[in-house]
Amino acid sequence: MNLRVSTPQLQTILLFLVYAAIITSVLAYDDLHHIAAQPHPYNSHATMTSVPTSSAVCRHRGITIDDDRTSAFLIPGSYFEGTNILVKINGTEPGGVLFSAHYDSVSTAPGATDDGMGVATLIQLVQYLARNRPKRTAVFNINNGEEDGLNGARAFMKHPWSNLTQTFINLEGAASGGRPILFRSSAAGPLRAFRVPHPHANVLSGDAFARGLIRSSTDYSVYNAGGLDGLDVAFYKGRSMYHTPYDAIPHTQGQERALWAMMEATHAAGLQLLNGDQASSETAPPVYFDLFGAALVVFSLDALAVFNILTLLFGPIALIFLNVRVLSFNFWLALFAAITSQVLLVLGYLKLNPFIVYSSPYLVLLSAASLALLALVLVLHTGGIPPRPTLLLHTYVLTWLLTLLVTVLAVRAQVGGLYFISAWHVSVLLACLACHLEGAHLFHRVRRLRVRFTGVPPDPDDDESRASERTPLLQRSPSYTDLPDGEDKMVWWSVQMLLAVPVPVILVMHVTVILLGALPQTLADGSPAVIVYAALSLLAVLLTLPLAPFTPRTAHTSLAPALAVLFLLSTAYAWSTFPFSRAAPLKVFFQQKLTLAPTGVPLTAYTTLSGAPWYIQNGILPKLPSAGYGHASGINRTESDRGALFAWPSGAGLLPGPYADTNTTAAAAKGAKRWLHANITRTGPRSARVELGGTDTRNCRIYARGFTDAISGFRVHPASPSSPPSSLSTSASPTTLAPPPMNTTAPPMWELRLWSRTWGRRFEVDIFWAVGNSWHGRLACEWAEHADAEGRGRMRAFEEVARFLPEWAVVSKATDGLVEIGVDLEV
């Protein structure tokens, strides 16, 4: 049989593939426009129409769509009714793979990257698998409710289809586009399926998640805790636009390219999980990183630990035979100087302009790296630079100690993100061995020079020709000063430099680029600035230290002045320039809180903004009319996890909802009673029944006021006949979490979040407390839409903030409700 393909046939195939790729990307981009047309949080009417559906999928055999309206869960602190869209494509063999993305956005963002691109990617993958049936069953969980507690994923784990899958891919957006990264992987099996054309991954992000250094979370955590192994793929660049109105298609980094990158990675990895060999006996956590987006390097953490132990043992034994002078402290003094200078530089940034890294991370890196290299050059050349073999050997001692630390962390703490230290250790070891070879070559070169200039060859049998009273008792190997500069020295310099420098610098630079894209703009979310600057300074030292043994002898006169000028210019600009811009806006977090009197009249109405204290107080509040342009006497400041929280009276003209258009107290009270229903009745010595609901909302909360009011258990009753109908009453999902009132082993709860799939649901909740004979708390409901279902504006305080913010700032939501209306009650 002749299987050769002719040129016209090959051209036809390539043309078809190009057109298929173009059409797929255009269709996905069209879906994205539909999904990200407007903000659509769980607690909004827009979320019900935000996912485009295709009847063509339903016509394929083996395809089942479940518009899930029965799954619900109840855990300490939360009760949630799911509204997920599930698709199941039956496979031909046992096993299943879960694909997950969430279709809700936050109330302040259209959600183009968080998570519109993930949803658009899954829609296209459903279309593909409907025409190309996989070996294993594919289950798609396009879920609602991720943004406020990973609720959609938790609801899915109550659905029977969750038992069909063993692995998963979760798609997420933690920023505003660019290339998505493989954030984390739970096991080697799914990771080896990540055979994508342009991989972007690093285990360091997984280590940061595991140790709480990254404070946000994704649905990956729910699936992994439920016993599934899988991958977490997410966007991470441009976090200043995350959860803001800039998370929209026109402001997405890369736009179509970003969407295509996620589609490409998900399609390749998904097909490998569905159709490839998943057999893997590896139980150790994986270590992984990409090289230039062309290849993914994967090995186990156990393999890294064993490799480190072997090199830690082999290196010192091999270097015993390397005869170099080691009694030089210049290297360690230079290292101390570099670290000390970085500490002082970090203190300078924290004191003078702590947010400049937010908009200019590469400028900060340039400042730190130039200072680190300047300190190394100046100290190393004080009193004459030590020979290169000496510097290499001291560098090796440093990397040996660091590798020992990395090995301990790998074995005891399961940390794999420091793999580049191991590579640096081996690189310097190879360079030291090359020094040994150079020394042997140098010894024979000196002997040949002696013969050339004296004309008398040494007699190996003549002891007097080999020793005299001037001969030192301890011989030394020939040094670099014994030979004039020439081609041999340059060749050996090049060999050792290529062995010691490129590998560690490339690996550290890969990590640096990821951290520069992900870390600096977390400052607005409350990340400590000292950690961000310390991380960049440490990376700057790691990037420059491999160069130390190879600096020229004239570096203190030729290189140092240029480094000093570069450092002074970059640092002066960084310390003096304004840190925010329209391209990198400061996020501030908004909420309006109303507290009602028992009659329904608003007692207090406060607008709150939280974020960077100095910039809110001096740059934003002076722009807001309701805050008296920064001079209102009622502005209160309290500390918060995002910096500081400023609160001030909203004023009658900025009241939301039914209060905005009422001119009398009686009319406001009448409107409030229709807007919020809250009641509490004692049912036992330490129990009470709460009735709570709001008009045009699906989200309410119960707050315990003090320590003695902590809730020890609660029970949610099915929807009453007077409430809008709910399918939960016929669900097999549990509706009770009620330990005995005196059960102090239950975790205390100071807040209960209640979510209903139906609008206007009146919750009936039994609460129990363990201490005291009375209970004090707050009953409240949340609203998250800028306008109601008919498009009438009703959040005037939010509109004021959005309208009067300077162009270098942008508003985001502080919590799941932009407006919270509540009443303080006790029983």
Side-chain angles (χ1 to χ4, degrees), residues 170 174 181-192 194 201-218 220-232 234 236 280-290 296-315 339 397-428 503-504 507-508 510-512 514-515 518-519 522 527-528 530-539 541-543 545:
N170 180 61
I181 190 173
L182 177 61
F183 256 154
R184 44 187 169 168
S185 174
S186 60
L191 180 62
R192 295 192 184 279
F194 197 69
N202 199 285
V203 67
L204 193 64
S205 58
D207 286 342
F209 265 110
R211 278 140 197 91
L213 298 179
I214 298 179
R215 299 197 296 177
S216 61
S217 189
T218 70
Y220 171 100
S221 305
V222 176
Y223 302 136
N224 191 229
L228 304 181
D229 287 323
L231 309 173
D232 202 13
Y236 69 99
S280 177
S281 59
E282 297 183 53
T283 58
V287 178
Y288 54 92
F289 55 92
D290 73 276
L296 183 67
V297 180
V298 182
F299 48 88
S300 70
L301 189 61
D302 288 348
L304 177 65
V306 171
F307 177 79
N308 285 349
I309 292 172
L310 292 177
T311 56
L312 288 171
L313 295 175
F314 171 77
I339 294 175
V397 173
L398 173 64
T399 61
W400 191 93
L401 295 173
L402 292 176
T403 303
L404 180 62
L405 176 63
V406 168
T407 306
V408 172
L409 292 175
V411 173
R412 295 192 175 183
Q414 304 290 289
V415 174
L418 301 176
Y419 60 87
F420 52 85
I421 297 294
S422 304
W424 186 21
H425 173 236
V426 173
S427 297
V428 177
V503 170
L507 294 180
V508 173
H510 274 81
V511 173
T512 302
I514 292 174
L515 292 184
L519 202 58
T522 62
S527 295
V530 64
I531 293 180
V532 177
Y533 283 101
L536 292 187
S537 290
L538 177 61
L539 291 170
V541 173
L542 292 176
L543 285 171
L545 199 55

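Atoms considered below: every heavy atom in the structure, side chains included; atoms not considered: hydrogens, waters and symmetry mates.
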For this session: Indicate the atoms forming the closest heavy-atom contact of G230 with S186, along with that distance.
Result: N-OG, 2.8 Å
Exercise. Roughly how far, to the nearest 0.5 Å, is CZ of F307 from OG of S300?
Worked result: 13.0 Å
Exercise. Any side-chain heavy atom of L398 within less than 4.5 Å of one from L545?
Worked result: yes
Problem set entry | Side chains of V511 and Y419 in contact at under 4.5 Å (non-hydrogen atoms) | yes
For this session: For residues V415 and L301, report the shortest heavy-atom separation together with the two atoms involved.
Result: O-CD1, 3.6 Å
Problem set entry | A187 versus P190, closest heavy-atom pair with distance | O-CD, 3.6 Å
For this session: Could you check S422 against N308 for side-chain hydrogen bond (donor to acceptor under 3.5 Å, both in side chains), going step by step and ending with a plain yes or no?
Result: CA-CA 7 Å; S422 304; N308 285 349; 2.7 Å; yes
Exercise. Just by distance, do the side chain of T522 and the backbone of S527 share a donor-acceptor pair under 3.5 Å?
Worked result: no
Exercise. Per the side-chain hydrogen bond (donor to acceptor under 3.5 Å, both in side chains) rule, which among T218, D207, N202 passes with R184?
Worked result: T218
For this session: Enter the distance from S185:OG to Y220:OH here, rounded to the nearest 0.5 Å.
Result: 6.0 Å
For this session: Measure the spacing between CG of L538 and CD1 of I531 and express it to the nearest 0.5 Å.
Result: 13.0 Å
Problem set entry | For G416 against V287, the heavy-atom pair lying closest together | O-CG1, 3.6 Å
Problem set entry | Whether F183 and Y236 hold their rings parallel, tilted or perpendicular, with breakpoints at 30° and 60° | tilted
For this session: Output yes when a side-chain donor or acceptor of W400 lies under 3.5 Å from a complementary backbone atom of L312, and no otherwise.
Result: yes
For this session: Kindly indicate whether the side chain of D290, heavy atoms from C-beta on, has any atom under 4.5 Å from the side chain of V297.
Result: no
Problem set entry | Inter-residue atom distance L182.CG - L296.CG, 0.5 Å rounding | 7.5 Å
Problem set entry | Test side chain to side chain contact (heavy atoms under 4.5 Å, CB included) applied to Y223 and N170, D229, D232, the passing residue | N170
Exercise. Does the side chain of T512 reach to within under 4.5 Å of the side chain of L542, using non-hydrogen atoms?
Worked result: no
Problem set entry | Spacing of L404 atom CG and T399 atom OG1 [to the nearest 0.5 Å] | 11.5 Å
For this session: Could you check V298 against F194 for side-chain contact (heavy atoms from CB on, under 4.5 Å), going step by step and ending with a plain yes or no?
Result: CA-CA 10 Å; V298 182; F194 197 69; over 6 Å; no
Problem set entry | L519 to A535 - nearest heavy-atom pair and separation | CD2-CB, 4.1 Å
Exercise. Would a 4.5 Å heavy-atom cut-off, applied to side chains only, mark W424 and V503 as touching?
Worked result: no
Problem set entry | side-chain contact (heavy atoms from CB on, under 4.5 Å) evaluation trace for F420 with L418 | CA-CA 5 Å; F420 52 85; L418 301 176; 3.9 Å; yes
Seminar exercise, completed: For I181 and A201, the nearest pair of non-hydrogen atoms, with its separation, is CG1-CA, 3.9 Å
Exercise. Would you say the side chain of L204 lies within less than 4.5 Å of the side chain of I514, judging by non-hydrogen atoms?
Worked result: no
